[in-house]
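Here the structure is a predicted model, which is why all the values come from computation and not from measurement.
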Amino acid sequence: MKLLETYILRRVGQMFLVALLPVLAIIWTTQVLQRINLVTDSGQSIGSFAKLATMILPSIIPVVLPFALVIAITQTLTTMNNDSELTVIDAAGARRSVLIRPILLLAAVISVFSFFVDNVVEPRAKTVVRQMIAETYADLLSSVIEEKTFRKLDEGLYVQISQRMAGRMLKGLFVADERDPAYELIYYAKEGAVDDTGTTLIMHEGEVHRKTPDGNVSVINFDSYSFDLSDMTESRGQATLRASDRDLWFLFNPDPADKDYTIRPQSYRAELHRRLTDWILPVVFALFSLAIAGDARSHREARLHPMVSALAYAFAMRWAAFYAANQIDTDPEYIAVLYAIPIVSSIVSIVFLGLHKRLVMPSFIRDRISSFWRQMQERLLAATGRTGGGTAQ
């Protein structure tokens, strides 16, 4: 690789990391906080939560990588243009491939890494996460719930125990069941136990209060009563794997006897084609970023910042790909649309690069985005002025 190509590759790579890490950290934090209830509601240790948070990361990386690359390419090339480096490269007679080759090389490496994460690392991580959550709730009554503390087991189902004894025995049981809108049930029992399968709570010497919406209450005393937990423990005690949790080889050749596959085979078809198209997005995004910002431009030219244009294209293309992938569930014809999106975008970008023309937005869209961008800058400056400590007298 030539010295100039190495220089460009290093600059784009550094900017890529600068753009990737903060965005990845922000999105990862929001995803982790959505699962903080695993610790607060089920009594898990901070170590289990840290493991869960780590397993979430592979599902975020493939989504963020292409956008970080767009920011890196457009920002680096814009800075080089402002410093007249692109003009000097053109004036020196260097081929345009000197600029394109290192960027596409970086994009290809990122695409291969994205393919590996999306098809190997992420399915395994999701399987581990589902198994962790299943194991967390499998034995919730007999081992996790604290004594003399109300805990929510499910939507509308609450339980409290006075004392936990050896051998799964529980003393002083209180269960409130509001899951059925037709009536509310409240159970009191002196003692009880969870069976070995974890699907039934057997209560002894107690009573059940049944309250209807009109306010009528009926009370039934019982010597022994079995409270069914199978609806909750079966779904939580066993990890049910979905299409997104499967590796690529399973998607190519699904097991006809798999329970989830027999229920929703179309989701496996959609997931397969999504996996086969998503990994190439870094290269596609790199091509149209080069077509937008890869030429020398005059500083006097009134134009929208290349990063704004490139990100607008990137978000539009990503949305179109998501939409097409979701529609495959009900309409297989969208498979062709899903593959056409990156192919057409790549061909258009290559044509513009070959003709040495700049890829620009339609004028009416560009003008609206420019106006919105100026308004945001003016508001930011105004807000900065108001909080700047006042004016000098």
Side-chain angles (χ1 to χ4, degrees), residues 27 31 55-56 58-67 69-70 107-108 110-131 235 238-289 291 310-352 359 362 365:
I27 298 177
Q31 294 296 315
M55 293 296 105
I56 294 172
S59 63
I60 305 171
I61 292 176
V63 179
V64 179
L65 286 177
F67 295 99
L69 184 61
V70 169
I110 294 173
S111 291
V112 172
F113 178 73
S114 179
F115 180 86
F116 176 75
V117 173
D118 203 12
N119 292 283
V120 179
V121 179
E122 182 181 351
R124 294 181 181 180
K126 284 187 174 181
T127 301
V128 172
V129 169
R130 288 190 182 276
Q131 193 61 43
S235 61
Q238 300 177 6
T240 302
L241 300 182
R242 307 298 185 189
S244 59
D245 307 324
R246 308 292 191 172
D247 57 35
L248 187 61
W249 321 120
F250 185 93
L251 297 177
F252 272 118
N253 187 26
D255 181 4
D258 184 82
K259 184 178 180 180
D260 189 65
Y261 176 72
T262 57
I263 296 175
R264 47 181 72 86
Q266 66 280 0
S267 65
Y268 286 76
R269 177 182 59 202
E271 180 67 16
L272 172 62
H273 294 290
R274 184 196 67 79
R275 298 265 191 96
L276 294 178
T277 54
D278 274 5
W279 72 277
I280 200 66
L281 288 181
V283 172
V284 180
F285 283 20
L287 285 171
F288 68 67
S289 297
L311 285 176
Y313 276 114
F315 280 115
M317 182 178 168
R318 195 63 171 130
W319 175 86
F322 271 128
Y323 178 80
N326 290 334
Q327 292 302 311
I328 293 175
D329 281 355
T330 56
D331 191 353
E333 294 181 359
Y334 275 90
I335 295 175
V337 177
L338 182 62
Y339 285 94
I341 291 171
I343 292 174
V344 172
S345 178
S346 299
I347 292 175
V348 171
S349 301
I350 292 172
V351 169
F352 273 83
L359 181 62
I365 298 179

Task: pair Ser111-Val283: side-chain heavy atoms closer than 4.5 Å - done: yes
Task: Point-to-point distance, once rounded to the nearest 0.5 Å, from CG of Asn119 to CG of Leu251 - done: 8.0 Å
TODO: Determine whether the aromatic ring centres of Phe285 and Phe67 lie less than 6.0 Å apart.
DONE: yes
Task: Atom of Ala125, atom of Met55 and distance for their closest heavy-atom approach - done: CB-O, 3.4 Å
TODO: Could you check if a side-chain atom of Leu69 sits within less than 4.5 angstrom of a side-chain atom of Leu65, using non-hydrogen atoms only?
DONE: no
Task: Within 6.0 angstrom of Arg264 CZ, more than 12 heavy atoms from elsewhere - done: yes
Open item on the list: Please report the interatomic distance CD1(Ile61) to CD1(Ile27), rounded to the nearest 0.5 Å.
Closed with: 11.0 Å
Task: Aromatic ring pairing His273/Tyr339, orientation class (parallel under 30°, perpendicular over 60°, tilted between) - done: perpendicular
Open item on the list: Counting C-beta onward and ignoring hydrogens, is there a side-chain heavy-atom pair between Phe250 and Tyr268 closer than 4.5 Å?
Closed with: yes
Open item on the list: Are Val121 and Arg124 packed together at the side-chain level, in the sense that at least one heavy-atom pair is separated by less than 4.5 angstrom?
Closed with: no
TODO: Taking the side chain as every heavy atom from C-beta outward, state whether Gln266 and Pro332 have any pair of such atoms under 4.5 Å apart.
DONE: no
Open item on the list: Are more than 12 heavy atoms, taken from residues, nucleotides or ligands other than Phe113, located less than 6.0 Å from that residue's CZ atom?
Closed with: no
- [ ] Would you please test Phe115 and Leu248 for side chain to side chain contact (heavy atoms under 4.5 Å, CB included) and show each step?
- [x] CA-CA 10 Å; Phe115 180 86; Leu248 187 61; 3.8 Å; yes
Task: Close side-chain approach of Pro62 to Trp279, heavy-atom, < 4.5 Å - done: no
Task: Flag, side chain of Asp118 to backbone of Ser114, donor-acceptor distance under 3.5 Å - done: no
TODO: Grab the two heavy atoms, one from Ser349 and one from Phe288, that are nearest each other, plus how far apart they are.
DONE: OG-CB, 3.2 Å
TODO: Specify the closest pair of heavy atoms between Ala257 and Thr262, including all atoms of both residues, with the distance to one decimal.
DONE: C-CG2, 4.5 Å
TODO: Indicate the atoms forming the closest heavy-atom contact of Ala243 with Arg275, along with that distance.
DONE: O-NH2, 3.8 Å
Open item on the list: Please give me the minimum heavy-atom distance between Pro66 and Leu281, naming the atom from each residue.
Closed with: CG-CB, 4.2 Å
- [ ] State whether Phe322 and Arg318 meet the cation-pi test: NZ (Lys) or CZ (Arg) under 6.0 Å from the six-membered ring centroid, and within 45° of the perpendicular axis.
- [x] yes
- [ ] Can you measure from OG (Ser267) to CG (Asn326) and round to the nearest 0.5 angstrom?
- [x] 11.5 Å
Open item on the list: Which label fits Tyr323 and Tyr334: parallel for a plane angle under 30°, tilted from 30 to 60°, or perpendicular past 60°?
Closed with: perpendicular
Task: Closest contact, heavy atoms only, Lys126 versus Ser59 - done: CE-CB, 4.1 Å
TODO: Would you please test Ile328 and Leu338 for side chain to side chain contact (heavy atoms under 4.5 Å, CB included) and show each step?
DONE: CA-CA 9 Å; Ile328 293 175; Leu338 182 62; 3.7 Å; yes
- [ ] Let me see the working for Thr127 and Arg246 under side chain to side chain contact (heavy atoms under 4.5 Å, CB included), right down to the final yes or no.
- [x] CA-CA 8 Å; Thr127 301; Arg246 308 292 191 172; over 6 Å; no
Open item on the list: The test is side chain to side chain contact (heavy atoms under 4.5 Å, CB included); show your working for Ile343 and Ile347 and say whether it passes.
Closed with: CA-CA 6 Å; Ile343 292 174; Ile347 292 175; 3.9 Å; yes
Task: Rounded distance (nearest 0.5 Å) linking atom CG of Asp329 with atom CD of Glu271 - done: 10.0 Å
